[in-house]
Amino acid sequence: MPARQPLLHDLVCCVRAPTVALSGRDGQLRPDGAQGVVHGDIRVLSRAELTVGGVEPEPVAGGTDAGATARFSAVARSLGDPGADPTVRIDRIRAVRPGLVTEEIWLTSGALTPVDTEVVLTVAADLAPIEEIKSGASRPAVPVRVDPVTGAVRWRSGAVAVELTGTDATVEPVAGGQAARLRWPVRLAGPGRRALCWRLGVADPAAVVAGVTGEPPWSRPAVVADDHRLAALLARALDDLAGLRLVTPDAPGDVFLGAGAPWFLTLFGRDSLWAARMLLPLGTSLAGGTLRALAARQGRAVDPATGEEPGKIPHELRRAPSVHPMGRDAPHDPVMRLPPLYYGTVDATPLWVCLLHDAWRWGMPETEVAALLPHAEAALAWMADHGDADGDGLLEYVDRSGRGLANQGWKDSGDSIRFADGSRATAPVALCEVQGYAHQAALAGARLLEAFDRPGADRWGQWAADLAGVFRERFWVADADGPFPALALDGAKRPVDSLTSNIGHLLGTGLLDDAETELVARRVVGPDLDTGYGLRTMSARAAAYWPLSYHCGSVWPHDTAIVLLGLVRTGHAERAGSLAAGLLRSGAAFGYRLPELFAGDSREQAPRPVPYPAACRPQAWSAASAVVVLTALLGLTADVPDGRVGLSPIRPGPVGALRVDGLRVGEELLRVSVDRDGRVTEAAAGPLTVEWSRPVSEAEPVSRLTADRPG
């Protein structure tokens, strides 16, 4: 049987990047699938199986308490008093920190008869790289060494050294030296309890990313709403985002978010940028760290092997080259071979410019913005000089190495760009949403250059206008329900005519006029895209649609969130409210930890969203979507350079009355109260002017925004 990507949806995930522990809901870490402890792209523990009295405890409950801790409860029915009720239980409390996993094992007896038993933990490691784990391949455990004096169990892979210890445990090698066994004799004369502990530490001097301790660099607003799901979704999201924080060893002050656990715990261009952009209402520190971490690796030369080009923002950073089986998606080589620093992304570069501009508007210190402007100018130049390689006025991509990503937008799987009849587009490919990002980046860049007295603003304003004209001429197609933008243009400049969620990313970029915006807004909330839990990536009427396809019919929460905010920004509040309700619904169904993606079944087809079984959870931009929902509900915008904050809440309020205290705009904290009809009743942000639509009598005209504030 060929190797298959292991499933994740039933695993319990504890993460403090770059370390993640994945186990079954029974708490056991078995040498199977994706289970184990992964640190910095290497599985440093593949087995930690517990027995009590020679048998595995019978699981009762298991799950995460918060992003970095988990609790598992089980019973040992072969021990204790006779009778139907179990009188001996085992609780495992696991905690993860960067480079460290600890576990307390509590054996508790309520029995009147003595409990005399032995607790045994068997541990091993295969030291497999993350891409090998993801492919479903398996390898034998490595030899372990038991220190005869301390009882510490050690193994290593290159510079990565691992040590596991058990307090008061007797330790012995087993399985020919490829595993170790920790033994604890336990005697409880009557009702009582005993705690046993083990600890795993990792030393990784060659790591390309490192963990972060201390408080996150963003605010944690207090949220009270009639609909309790909003506060619960936001609280869990912020816990998970704290666990995804990373830095690079050469810049320990520049915090960014790893894309997701377990596959993507590193610096990514697109993912890290979008997550930082979504979190701007909580502060600009994360945006600054993300921008600088990527700018430090901005392309300087042309290298087809890595995809590097001058001004280009990278796609991902790894510790070593990685090899990924491609199967039927392989155009030439049966495997994809990616270098440690890989630039195979068409959208990260314009998104970097957009984040810099938005961070400036949200109050990023002007000295920080000014220091990054040369990188912004290089990124803008990349769009014209390399992103538009054929000079047709559009950004397109092609993998020139033959060993990289065939598709280089956010839908980067090999089969994601499909015509309505199901056939695949051939490269070079110009994606519709990338043209929106580029248009927005050009206008944003022009504003920055003008504000900081640098030349070039007129050039990029005209470049954006030209792009809009080319897009309007070439991208629009129609089906029985009317016109909409094509997913892409293929290598022959033919419109890829499937209806997808990508078109929703155009909202608010300035690329569409009012009439075109109305057409897109209507199509994205149609029943073939909107499931009631979020937006399908592809219309259910398309030939390639499948609800469990990675990019051709599944629902990605971040994708829905981007479209949701675009609808709010363009005045389509009622439609936006429907999508916000869908994300709250799906968030509650997944225990408020939104996964990377889930199946595209509608509410009519499934009473709760169906997991995509290999989805990362937590995922940075999925978690950050909770902040987008809050931002959209408030209709919140900021222009700190002009001293203003805007509020235009969705009416009526999809979550009823809403009070938020602790959003951050520049150096100020924002307090907002909105009644159940979506009317602002209180708002303050220090000396900043807060503008909103005031409640008025039916006889009075309603202004869009006023500078008045109650009191």
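Quick caveat: nothing in here was measured; it's all calculated off a predicted structure. Residues: numbered from 1 along the sequence shown.
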Looking at His324 and Ser322, what are the two nearest heavy atoms and their distance? NE2-OG, 2.9 Å
Hey, does the side chain of Thr284 reach the backbone of Ala287 with a donor-acceptor pair shorter than 3.5 angstrom? no
From Gln435 atom CD to Leu395 atom CG, the distance as rounded to the nearest 0.5 Å: 5.5 Å
Which atoms form the tightest heavy-atom contact between Leu273 and Ala348, and what is the distance? CD1-O, 3.3 Å
Could you tell me if the side chain of Val680 sits less than 4.5 Å from the side chain of Pro649, heavy atoms only? yes
Between Arg459 (side chain only) and Ala446 (backbone N and O only), is there a donor and an acceptor less than 3.5 Å apart? no
I'd like to know whether His9 forms a side-chain hydrogen bond (donor to acceptor under 3.5 Å, both in side chains) with Tyr612, so could you lay out the CA-CA distance, the side-chain angles of the two residues, the decisive distance to 0.1 Å, and finally the verdict. CA-CA 7 Å; His9 68 288; Tyr612 180 87; over 6 Å; no
Drop me the distance from Cys616's SG to Leu265's CG, to the nearest 0.5 angstrom. 8.0 Å
So, are Arg292 and Asp254 salt-bridged, with charged N and O less than 4.0 Å apart? yes
Just do the side chain to side chain contact (heavy atoms under 4.5 Å, CB included) check on Phe264 and Asp271 with the steps written out, would you? CA-CA 10 Å; Phe264 310 120; Asp271 301 57; 5.8 Å; no
Quick one: salt bridge (charged side-chain N to carboxylate O under 4.0 Å, His left out) pairs with a partner in residues 231-244, sequence neighbours left out? Arg220-Asp239, Arg236-Asp240, Asp240-Arg593
For the CZ atom of Arg585 and the CG atom of Leu233, what is their distance to the nearest 0.5 Å? 13.0 Å
Taking it one step at a time, do Trp352 and Cys354 satisfy side chain to side chain contact (heavy atoms under 4.5 Å, CB included)? CA-CA 5 Å; Trp352 189 96; Cys354 291; over 6 Å; no
Keeping the roles fixed (side chain from Thr509, backbone from Tyr437), state whether a donor-acceptor pair exists under 3.5 Å. no
Compute whether any side-chain donor of one residue and acceptor of the other, for Thr560 and His558, lie under 3.5 angstrom apart. no
Contacts under 3.5 angstrom, residues 561-568 side chains, donor-acceptor by atom type, not counting sequence neighbours:
none

Charged N-O contact under 4.0 Å between Arg361 and Asp639: yes
Would you give the length of the straight line joining atom CG of Leu356 to atom OG1 of Thr290, rounded to the nearest 0.5 angstrom? 12.0 Å
Which heavy-atom pair separates Gly211 from Val247 by the least distance, and what is that distance? O-CG2, 4.1 Å
Would a distance-only check, ignoring hydrogens and angles, find a side-chain to backbone donor-acceptor pair under 3.5 Å from Ser272 to Leu257? yes
Non-hydrogen side-chain atoms of Trp692 and Val672 separated by less than 4.5 Å: no
Could you walk me through whether Trp360 and Val640 pass the side chain to side chain contact (heavy atoms under 4.5 Å, CB included) test, one step at a time? CA-CA 8 Å; Trp360 170 59; Val640 173; over 6 Å; no
Determine whether Arg297 and Pro314 make a side-chain contact, defined as any pair of heavy atoms from C-beta on separated by less than 4.5 Å. yes
Given the side-chain rings of Trp621 and Phe268, with only the six-membered ring counted for Trp, is the space between their centroids under 6.0 Å? no
Using the rule given for side chain to side chain contact (heavy atoms under 4.5 Å, CB included), can you reason through Glu433 versus Ile503, listing the C-alpha separation, both sets of side-chain angles and the distance that settles it, and then say yes or no? CA-CA 6 Å; Glu433 78 275 15; Ile503 67 173; over 6 Å; no
For Tyr342 and Leu405, indicate whether the former's side chain and the latter's backbone hold a donor-acceptor pair under 3.5 Å. yes
Should the pair Glu131-Arg318 be classified as a salt bridge under the 4.0 Å nitrogen-to-oxygen rule? no
Is it true that a side-chain atom of Ser622 and a backbone atom of Gln619 form a donor plus acceptor pair closer than 3.5 Å? no
Could you walk me through whether His375 and Gln298 pass side-chain hydrogen bond (donor to acceptor under 3.5 Å, both in side chains), step by step? CA-CA 8 Å; His375 296 281; Gln298 189 173 28; 2.8 Å; yes
How close do Leu380 and Ala442 get, heavy atom to heavy atom, and via which atoms? CD2-CA, 4.1 Å
Should Tyr550 and Glu596 be marked as a side-chain hydrogen bond (donor to acceptor under 3.5 Å, both in side chains) after you check the CA-CA gap, both sets of side-chain angles, and the distance that decides it? CA-CA 10 Å; Tyr550 195 57; Glu596 175 188 13; 2.7 Å; yes
Sub-6.0 Å ring centroid separation between Trp463 and His439: no
Centroid-centroid distance, Trp274 to Trp410, less than 6.0 Å: no
Do Met383 and Pro350 have side-chain heavy atoms sitting under 4.5 Å apart? yes
Considering only heavy atoms from C-beta outward, does the side chain of Ile42 approach that of Ile130 to under 4.5 Å? no
Ser219 side chain to Pro221 main-chain N or O, any donor-acceptor pair under 3.5 Å? no
Locate the shortest heavy-atom distance separating Ala231 from Val223; write the atom from each residue and the value. CB-O, 3.6 Å
Does the Asp227 side chain pair with the main chain of Arg229, one donor and one acceptor, at a distance under 3.5 Å? yes
So, do Leu633 and Leu230 sit near enough that their side-chain heavy atoms are less than 4.5 Å apart? yes
Salt bridge (charged side-chain N to carboxylate O under 4.0 Å, His left out) between Arg536 and Asp530: does it pass, once the steps are laid out? CA-CA 6 Å; Arg536 294 185 179 99; Asp530 186 3; over 6 Å; no
Is a donor on one side and an acceptor on the other found under 3.5 Å between the side chain of Lys312 and the backbone of Gly307? yes
Rounded to the nearest 0.5 angstrom, the CG-CG distance for Asn407 and Asp412 is 7.5 Å
Between Asp41 and Lys134 (salt bridge meaning N to carboxylate O under 4.0 Å), is one present in this structure? no
Within a reach of under 6.0 Å around CD of Glu368, are more than 12 heavy atoms found that belong to other residues, nucleotides or ligands? yes
Stepwise salt bridge (charged side-chain N to carboxylate O under 4.0 Å, His left out) test for Arg454 and Glu377: CA-CA 10 Å; Arg454 298 173 77 100; Glu377 290 168 325; 2.9 Å; yes
Side-chain heavy atoms of Leu630 within contact of Leu634, under 4.5 Å: yes
Can you tell whether the side chains of Asp358 and Arg277 come within less than 4.0 Å, N to carboxylate O? yes
If I take atom CG from residue Asp559 and atom CG from residue Leu597, how far apart are they, to the nearest 0.5 angstrom? 10.5 Å
Between Arg575 (side chain) and His572 (backbone), is there a donor-acceptor pair under 3.5 Å? no
Thr537/His551 under side-chain hydrogen bond (donor to acceptor under 3.5 Å, both in side chains): CA gap, chis, key distance, verdict: CA-CA 6 Å; Thr537 43; His551 285 134; over 6 Å; no
If you define the side chain from C-beta out and look only at heavy atoms, does anything of Val555 sit under 4.5 Å from Pro609? no
Minimum heavy-atom separation for Phe256 and Ala293, please, with both atom names. CD2-CB, 3.8 Å
